[in-house]
Amino acid sequence: MGYSWKAISRQLIQVGIVILLIFLLAGAARAQATPAATPAAPAPGVTPEHITQLDQGVAAAQSSADNAWMLASAALVLLMTGPGLALFYGGLVRQKNMLALMMQSFAMMAWVTVLWALVGYSLCFGSGTVIGGFEHAFLRGVGIAPNPDYSGTVPQLTFMVYQLMFAIITPALITGATAERMKFSGTVVFVTLWFLVVYAPLAHMVWGKGGFLNAAGGGRFPTLDFAGGTVVHISSGVSALVCALYLGKRTGYPKMPMPPHSMMLSFIGACLLWVGWFGFNAGSALASNGLASSAFVATHFGAAAAVVGWSAAEWLKNGKVSALGAISGAVAGLVAITPAAGFVGPMPALAIGLTAGVGCFLMVTRVKAFFGYDDALDAFGIHGAGGTIGAILTGVFATRSINPIFHDVAGKSMRVGWIDGHWQQVGNQLAGVLIAWGFAAIGTIALLKITDSLTGVRVSEEEESQGLDITQHGEEAYNLER
Amino acid sequence: MGYSWKAISRQLIQVGIVILLIFLLAGAARAQATPAATPAAPAPGVTPEHITQLDQGVAAAQSSADNAWMLASAALVLLMTGPGLALFYGGLVRQKNMLALMMQSFAMMAWVTVLWALVGYSLCFGSGTVIGGFEHAFLRGVGIAPNPDYSGTVPQLTFMVYQLMFAIITPALITGATAERMKFSGTVVFVTLWFLVVYAPLAHMVWGKGGFLNAAGGGRFPTLDFAGGTVVHISSGVSALVCALYLGKRTGYPKMPMPPHSMMLSFIGACLLWVGWFGFNAGSALASNGLASSAFVATHFGAAAAVVGWSAAEWLKNGKVSALGAISGAVAGLVAITPAAGFVGPMPALAIGLTAGVGCFLMVTRVKAFFGYDDALDAFGIHGAGGTIGAILTGVFATRSINPIFHDVAGKSMRVGWIDGHWQQVGNQLAGVLIAWGFAAIGTIALLKITDSLTGVRVSEEEESQGLDITQHGEEAYNLER
Amino acid sequence: MGYSWKAISRQLIQVGIVILLIFLLAGAARAQATPAATPAAPAPGVTPEHITQLDQGVAAAQSSADNAWMLASAALVLLMTGPGLALFYGGLVRQKNMLALMMQSFAMMAWVTVLWALVGYSLCFGSGTVIGGFEHAFLRGVGIAPNPDYSGTVPQLTFMVYQLMFAIITPALITGATAERMKFSGTVVFVTLWFLVVYAPLAHMVWGKGGFLNAAGGGRFPTLDFAGGTVVHISSGVSALVCALYLGKRTGYPKMPMPPHSMMLSFIGACLLWVGWFGFNAGSALASNGLASSAFVATHFGAAAAVVGWSAAEWLKNGKVSALGAISGAVAGLVAITPAAGFVGPMPALAIGLTAGVGCFLMVTRVKAFFGYDDALDAFGIHGAGGTIGAILTGVFATRSINPIFHDVAGKSMRVGWIDGHWQQVGNQLAGVLIAWGFAAIGTIALLKITDSLTGVRVSEEEESQGLDITQHGEEAYNLER
Amino acid sequence: MKKIEATIQPSRFESVKEALLEAGIEGMTLIEVRGHGRQRGHTESYRGREYSVDLLPKVKIEMVVPDALLDTAVAIIVKSAKTGQIGDGKVFISNVDEAIRIRNEERGEGAL
Amino acid sequence: MKKIEATIQPSRFESVKEALLEAGIEGMTLIEVRGHGRQRGHTESYRGREYSVDLLPKVKIEMVVPDALLDTAVAIIVKSAKTGQIGDGKVFISNVDEAIRIRNEERGEGAL
Amino acid sequence: MKKIEATIQPSRFESVKEALLEAGIEGMTLIEVRGHGRQRGHTESYRGREYSVDLLPKVKIEMVVPDALLDTAVAIIVKSAKTGQIGDGKVFISNVDEAIRIRNEERGEGAL
Ligand SMILES: Nc1ncnc2c1ncn2[C@@H]1O[C@H](COP(=O)(O)OP(=O)(O)O)[C@@H](O)[C@H]1O
Ligand SMILES: Nc1ncnc2c1ncn2[C@@H]1O[C@H](COP(=O)(O)OP(=O)(O)O)[C@@H](O)[C@H]1O
Ligand SMILES: Nc1ncnc2c1ncn2[C@@H]1O[C@H](COP(=O)(O)OP(=O)(O)O)[C@@H](O)[C@H]1O
């Protein structure tokens with residue numbers, strides 16, 4: 001039997017191949033047949049109607065073109081959280097806590113989405129100085145028509161879902177600091193509150209219609225934040241630090257060795273973060289135009305230079321370049337270039353990346369060790385620090401030749417960053433940074449206290465030693481035996 | 001030696017950094033230099049020729065825009081099968097069968113492609129009531145010109161390869177039910193037959209020119225199936241159930257514990273499925289328009305709500321939320337929203353997802369246990385059940401404000417789903433579902449018998465206990481020692 | 001406590017669900033409300049100004065459309081290197097060398113990027129017969145305006161970063177031959193030199209303005225290489241062989257068994273390579289047009305047919321189809337179709353893939369064993385051999401009905417490949433191949449000697465047995481215990 | 001006290017464990033090992049390179065039992081581990097001088 | 001010479017190791033095992049299927065010591081492995097006839 | 001019957017195995033362990049945190065042999081495992097009271 005089918009199958013396949021080859025030649029012969037036509041054009045005619053048609057045709061084509069890139073970008077940004085960040089963090093913890101880390105990211109993909117649909121989008125992108133109103137609750141009035149306040153060409157649905165992806169990854173970043181000791185229930189409750197009380201207002205102030213830090217919208221303190229250095233990375237990074245302090249150290253830290261259980265997973269995660277970040281930064285042009293290309297390049301250059309920076313620092317210190325160092329550097333560079341991506345040229349992007357790579361290396365290896373807090377996976381060391389570095393350097397390197405965002409009353413473009421001679425912008429950036437730091441820190445403390453009283457935030461010591469996978473989720477990541 | 005090169009390298013790198021920095025500043029200084037021009041416009045002139053040129057220009061731009069999204073979507077859908085589904089399934093089985101599961105998905109990527117090129121595309125999208133003809137065999141006449149029957153703007157080559165990706169994943173889904181005990185040779189033979197005898201006709205009936213379930217093409221029973229709830233998920237899910245019953249239980253099931261050998265892999269797989277599904281559903285708009293955006297949003301919302309639904313059910317039952325539950329919920333939601341994606345708004349999408357999450361949870365935990373069949377990885381419990389739920393709810397929530405698919409003779413758009421007041425559509429959906437169920441079930445039984453007589457379908461008990469990786473493929477997934 | 005929060009949470013969630021459902025219905029009811037407007041058109045008027053506006057609008061829309069696809073393609077090509085190739089290679093080596101392999105790919109992502117920004121792009125795409133000049137050093141003059149020499153529609157920044165992704169993966173491919181025994185420092189130094197001395201000239205000759213192999217640019221020996229069969233795969237594959245010979249065998253090879261430590265990782269890697277390759281080949285159309293679709297299809301078909309070819313050969317030899325065989329076949333097919341993708345129809349693509357699958361199978365199993373060199377991961381056996389097969393078959397199957405690349409003085413399109421009756425093209429292809437082989441081989445030997453004198457190329461035997469992860473990077477890939 | 005070391009087929013472990021528990025024998029330690037003996041292995045092939053795998057996955061049970069329980073324990077293990085085919089494995093018995101329960105430092109057979 | 005086999009809680013291993021090293025006891029071999037005894041396990045659930053996991057991860061230390069060192073070594077292990085809770089594990093002591101250091105074929109206690 | 005427990009360098013295992021098979025000694029069980037002894041380990045660094053890894057991967061071979069074969073077996077192992085460098089490992093020999101082949105319940109040296 002074992003033999004007979006083998007025999008049969010081999011014959012089948014031999015016959016198959018012969019037939020296949022015949023087919024191919026047959027087909028190949030026909031290949032030229034394929035006509036190379038293009039869609040026929042309607043009969044011309046120089047009538048106003050026809051011109052109107054053309055106007056609409058152009059608008060529609062432009063909209064489709066931008067939409068193609070924005071939908072791809074939205075997908076890329078989701079890829080950053082799942083599996084990107086989930087793997088990056090999951091690989092860095094000990095095996096017994098790995099599913100827990102992944103679940104915390106995955107939970108955001110689901111739960112923040114629901115919050116977003118109900119009120120989140122409205123709070124972030126409705127109108128108001130500090131926070132949006134309820135005009136878009138349940139996504140009321142969010143359809144395929146563009147929302148001119150934010151993007152003239154793509155359907156508002158696209159803008160809405162694209163922004164949602166940012167709201168998903170931001171709280172997920174915090175879980176890097178609370179890793180290996182925070183309750184799942186506590187995480188869910190805390191994130192729900194944090195999203196409404198910290199993220200929504202901050203996103204609105206910087207990006208929302210009427211937000212008082214909104215540079216494009218002419219806010220009081222025009223803070224340049226192209227893709228979320230302040231809104232996403234500083235807010236999550238600073239909140240992460242507060243969480244780490246509030247939760248306290250993991251049992252055994254720092255005495256007990258806690259090496260990453262799988263550098264391989266973190267490596268995959270970092271690569272997916274890098275790739276996804278193109279959607280994050282270049283997508284923030286909200287169109288498929290030259291600015292998107294420019295931001296794409298800046299993003300890639302920032303990441304690359306930061307890898308070089310971090311690795312060089314490591315080499316000088318240890319005489320070795322580690323994979324963990326390289327991927328951490330990449331993330332640091334991507335964080336730092338985020339606010340700058342759409343404002344700086346390729347060479348400044350390299351400079352920003354290099355600075356962030358070295359800067360975050362020092363944060364993670366020196367500063368953290370000095371203060372001794374347990375920011376388990378360096379959410380603050382990389383996102384908080386990198387975001388801050390990036391925000392300030394954006395003020396330095398932003399240039400109108402890339403993005404003429406400021407105009408005088410006459411609509412003439414004005415100088416943007418220090419490199420343009422507008423050194424005051426560095427001040428504006430600092431203002432934005434300080435507000436974000438303060439707002440995130442205070443909000444987080446308050447919400448942690450509330451969460452603590454509701455569900456508690458930290459698992460019992462026994463649960464911690466058994467691991468969160470089993471105690472919080474009743475599963476194990478690997479069941480290799482049997 | 002070991003020292004000397006270290007020394008050299010360090011110096012090299014130090015020098016390198018200095019040089020680099022100088023370069024950067026040099027470059028940075030030049031950054032503004034970059035001109036921000038846009039392509040020069042040809043000299044104007046209000047001639048009919050020029051207008052014709054413009055007409056063609058608009059058509060070309062529109063085509064390119066839609067093509068950009070469709071090519072990206074095709075790539076995303078392939079990503080769903082490999083590595084997406086391969087990982088999702090591969091992680092759920094025991095280690096000794098993991099490569100076998102991955103190979104079954106990978107084989108589809110290769111083998112179904114060849115079948116598709118030779119006759120598959122023609123059978124699915126040629127014209128006919130029940131199945132297409134051979135007019136496109138060897139892709140005859142499939143070129144860069146659009147095929148107006150299916151998509152007015154993108155090259156037919158794009159449409160062809162995009163649809164191919166659906167034909168690849170559908171049979172791959174079935175392997176979730178036959179897991180850990182079906183012969184590789186049997187799988188290949190069965191799939192070949194199943195693709196020609198079950199998938200091709202079904203795809204044609206629902207989507208093909210003249211298909212009698214084709215809603216857009218005015219079929220007898222207009223079944224709404226935007227992206228394949230019936231064609232892909234019901235067909236594969238029901239066939240999966242039949243296969244599971246025909247093959248019988250895995251040795252030791254259900255007594256012996258068979259936990260997933262790597263939740264981590266299944267998690268990655270699920271995330272990639274989610275991301276890839278944007279291409280699956282939003283790509284089914286066959287254009288980069290508002291409908292694509294709407295489908296994109298519905299897809300994401302359906303998945304998110306289903307995670308919440310499944311997890312909530314699990315929490316109420318076990319007091320814990322598991323990663324396996326969360327990712328299973330996501331897939332269930334994605335399945336259920338598939339037929340609805342291009343017909344429903346965001347809020348109904350949430351409702352559909354929530355229902356599917358809870359529904360599939362009950363299928364997998366209760367119903368399966370009750371009947372005791374061994375649908376190893378719940379291909380039926382999730383794709384069959386989820387697809388059915390989705391198909392019916394599509395009849396409930398479909399609305400012309402999203403997709404005015406039905407028109408009266410005067411071309412005026414008519415009410416679509418129950419929510420529009422057209423409750424009869426639920427009936428049409430049921431008709432489609434029943435036909436798909438019956439067709440898939442009967443076809444599968446027949447083809448299993450044929451396959452069994454050709455190569456056999458089930459491995460020997462000894463091969464089963466040794467594992468399919470070694471016995472079917474002569475490999476092991478991991479060789480960590482040595 | 002443990003209980004109380006559970007209780008609370010359950011109630012919370014129950015309440016939550018109820019509220020949610022209410023919201024959903026509320027929202028669902030509103031769904032229709034969503035208006036389905038499209039952007040309003042400006043008031044018409046048949047003025048020359050308006051026509052000029054339209055001309056610009058069309059150009060802008062076309063540019064955005066092409067840019068959308070090109071940015072997505074650039075992201076896909078980066079995905080090929082990280083995590084794609086890193087996983088494909090990382091899984092094939094022994095556990096103790098896995099991070100080292102991944103790091104070698106990752107290092108390219110960072111370091112080659114920096115080189116590219118400083119001089120690389122200019123050397124490849126400046127003007128000159130053998131190599132470009134320094135006109136674009138520091139990306140001088142590389143902005144959002146298209147570079148008409150290479151792509152009429154997309155910003156030069158897009159073209160620049162897209163081409164960079166090719167420069168990243170090419171040297172990474174070589175590391176498959178030097179695996180498990182080459183120093184990290186040596187790798188970095190060698191690659192730096194190789195990129196400048198081998199890659200840059202070769203890329204320029206084949207693709208650069210004035211390059212004497214440039215078919216599109218009317219070079220002396222017009223070599224058809226759509227997406228890099230010669231520039232990427234032959235160059236890296238041949239250099240890989242030279243490296244393998246220079247480094248010598250791994251200690252214990254071939255006596256000691258060295259099975260892949262994780263087929264699973266290699267499988268994921270291969271799938272990502274396949275998906276990413278759509279950006280690599282279809283992106284090489286540098287636009288989102290019909291040619292891109294055609295290349296996309298050819299790419300997929302080539303890969304699929306090669307899987308069938310390799311697997312069939314394996315089945316006939318061993319009576320089994322292995323996962324490693326299947327994924328190796330896929331890569332071989334993708335390599336071989338690379339130069340042909342934009343010149344051949346679907347059926348010839350199948351033929352090319354099938355040939356490459358069988359051909360590379362023989363290379364890897366027979367030829368390598370016969371000569372006994374240690375091309376550890378078959379970088380030469382697959383990329384060198386597959387690239388050569390592809391380059392020659394391109395001369396056979398290229399047809400003007402797909403890509404009318406040759407024109408006579410009158411601009412009339414001329415016959416392209418043998419299938420068009422222009423058998424001489426096979427000669428041109430051979431010329432290109434030979435030049436590439438010779439150039440890569442000689443350059444590589446010289447650079448290896450230089451590197452050897454600088455940092456040394458091979459690790460000590462003890463380091464080799466301990467593994468490169470620990471000795472080169474001071475890390476381990478997995479720390480599963482504890 | 002005697003130490004029992006039983007190297008068995010992984011697929012039999014569950015039933016051996018259950019049989020022991022039924023007999024009230026609770027304490028045991030499990031080790032995953034690979035074994036070589038009469039049982040033939042299989043060959044694997046990676047890109048044409050063939051490896052004969054002659055070390056097969058086995059499970060080793062270690063348990064220390066009071067002399068009184070020795071025969072029962074051995075009998076149970078042999079009975080429930082047996083399939084009658086080559087590769088079933090071995091049971092080795094050796095002497096143990098002393099046993100200590102770490103928790104309460106109890107010594108001797110009482111510590112088991 | 002005596003062989004000490006100690007099955008302990010993984011979380012205690014680091015401190016046991018350090019205590020031994022401080023006492024100048026260098027040679028030891030570590031094995032990851034799973035153990036069953038009085039200590040209760042936990043249940044896991046996958047898609048509604050529940051598994052009770054009653055084999056818990058433990059670490060087994062094997063060391064051969066000169067008779068003179070036996071009591072010290074055992075005392076150190078017990079002391080630093082103890083948490084006082086069920087599951088702390090056991091120490092077994094048995095006799096070893098001969099020891100050989102492969103490097104220089106030295107035999108007897110000198111080889112340890 | 002005697003039990004041989006040899007802890008050796010993983011890289012030497014293949015040759016030890018082959019030497020034993022040539023000598024007609026078929027039965028052995030292999031365990032992956034980590035060992036501590038005179039051999040120095042290495043340090044790893046993750047984001048600036050340094051760990052000194054002093055438990056090194058070793059392979060432990062367990063085999064029970066008839067008294068007659070003991071010396072041959074030990075000699076073979078020592079010979080083919082030796083590299084002469086610190087870390088080569090140890091061989092321990094102890095007594096085994098009884099051996100049973102599960103397949104056919106054969107006892108004594110015949111069961112090996
Ligand atoms: N002399 C021995 N010493 C230690 N372990 C042995 C010995 N002989 C066999 N084993 C173990 O028992 C397992 C089964 O032995 P084998 O000879 O294959 O089958 P059987 O026990 O049925 O004769 C081996 O894989 C090995 O792990
Ligand atoms: N009789 C025995 N033989 C071998 N190992 C044992 C025996 N009894 C217990 N063990 C090992 O000791 C571990 C702890 O034993 P357990 O009874 O759970 O706690 P305690 O030692 O505190 O009574 C078990 O998991 C098992 O690995
Ligand atoms: N006293 C001992 N008891 C048990 N195992 C030991 C003992 N001493 C050494 N070993 C094992 O032997 C290995 C090698 O010992 P080591 O002292 O490092 O080198 P060498 O054997 O050459 O002196 C150790 O890693 C450990 O696994």
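Sequence lines set the chain letters: A, B, ... in the order given, protein chains first and strands last, and positions in each chain run from 1.
Rounding to the nearest 0.5 Å gives a distance of 8.0 Å between CG of C:L54 and NE2 of B:H50. Note that CG of C:L79 is 8.0 Å distant from CG of B:L79, once rounded to the nearest 0.5 Å. Residue C:N289 holds its CG atom at 6.0 Å from OG of B:S64, rounded to the nearest 0.5 Å. Taking OG of B:S105 as the reference point, atom CZ of C:F267 lies at 6.5 Å (rounded to 0.5 Å). Rounded to the nearest 0.5 Å, atoms CG (B:L118) and CG (C:L350) are 7.0 Å apart.
Remark: aromatic rings of B:F184 and C:W315 are distant, center separation not under 6.0 Å.
Residues C:P346 and B:L157 have side chains in contact (heavy-atom distance under 4.5 Å, counting atoms from C-beta outward). B:L164 places a side-chain heavy atom less than 4.5 Å from the side chain of C:F301. Taking 4.5 Å as the limit, every side-chain heavy atom of C:K320 sits out of range of all side-chain heavy atoms of B:H473. At least one side-chain heavy atom of C:C271 sits under 4.5 Å from a side-chain heavy atom of B:F106. By the 4.5 Å heavy-atom criterion applied to side chains, C:H300 and B:L78 are counted as neighbours.
Of the atoms belonging to B:S294, not a single heavy atom falls under 4.5 Å from chain C. In this structure, chain C has no heavy atom under 4.5 Å from any part of B:L272. The part of B:P155 that comes within reach of chain C is its side chain, from C-beta onward, which places non-hydrogen atoms under 4.5 angstrom from that chain. For a residue to count as touching a neighbouring chain, one of its non-hydrogen atoms must lie under 4.5 Å from one of that chain's; by this rule B:L265 touches chain C with the side chain only. Residue contact with chain C, scored on non-hydrogen atoms closer than 4.5 Å, involves the side chain of B:M160 exclusively. If you measure heavy-atom distances from C:A61 to chain B, the contacts under 4.5 Å come from both the backbone and the side chain. Contact of B:I168 with chain C is made through the side chain alone, with heavy-atom distances under 4.5 Å. For B:A75, the parts sitting under 4.5 Å from any heavy atom of chain C are the backbone and the side chain alike. Looking at B:M98, the atoms closer than 4.5 Å to chain C (heavy atoms on both sides) all sit in the side chain, from C-beta outward. There is no contact between B:A107 and chain C, counting heavy-atom distances below 4.5 Å. Only the side chain of B:L87 has a heavy atom closer than 4.5 Å to any heavy atom of chain C. With a 4.5 Å cut-off on non-hydrogen atoms, C:A330 touches chain B through its side chain but not through its backbone.
Among C:A68, C:G269, C:P260, C:G325, the residue making the largest number of heavy-atom pairs under 4.5 Å with chain B is C:P260. Ranked by heavy-atom pairs shorter than 4.5 Å toward chain B, the options C:N67, C:L76, C:I327 are led by C:I327. With chain B as the partner, the residue from C:V321, C:I268, C:V459, C:V307 showing the most heavy-atom pairs under 4.5 Å is C:V321.
The two residues B:L71 and C:A292 come nearest to each other via the heavy atoms CD1-CB, 4.0 Å. The two residues C:W69 and B:A72 make their nearest non-hydrogen contact at CZ3-N, 3.8 Å. Taking all atoms of both residues into account, the shortest heavy-atom contact from C:Q62 to B:G57 is OE1-O, 4.5 Å.
Looking only at distances, no side-chain donor or acceptor of B:E475 sits under 3.5 Å from a matching main-chain atom of C:M263.
Taking B:T187 as the reference, B:Q104, B:M108, B:T175, B:M182, B:V191 meet the side-chain contact (heavy atoms from CB on, under 4.5 Å) condition, with sequence neighbours excluded.
Contacts classified as side-chain hydrogen bond (donor to acceptor under 3.5 Å, both in side chains) and involving residues 260-271 of chain C (residues at least two apart or in different chains) are given here: C:H261-C:Y478.
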Candidate pair C:I51 and B:I51, rule side chain to side chain contact (heavy atoms under 4.5 Å, CB included), full reasoning
CA-CA 8 Å; C:I51 298 293; B:I51 298 293; 3.9 Å; yes
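Side-chain atoms of B:T158 and C:S293 form a donor-acceptor pair, as typed in the model, at a separation below 3.5 Å.
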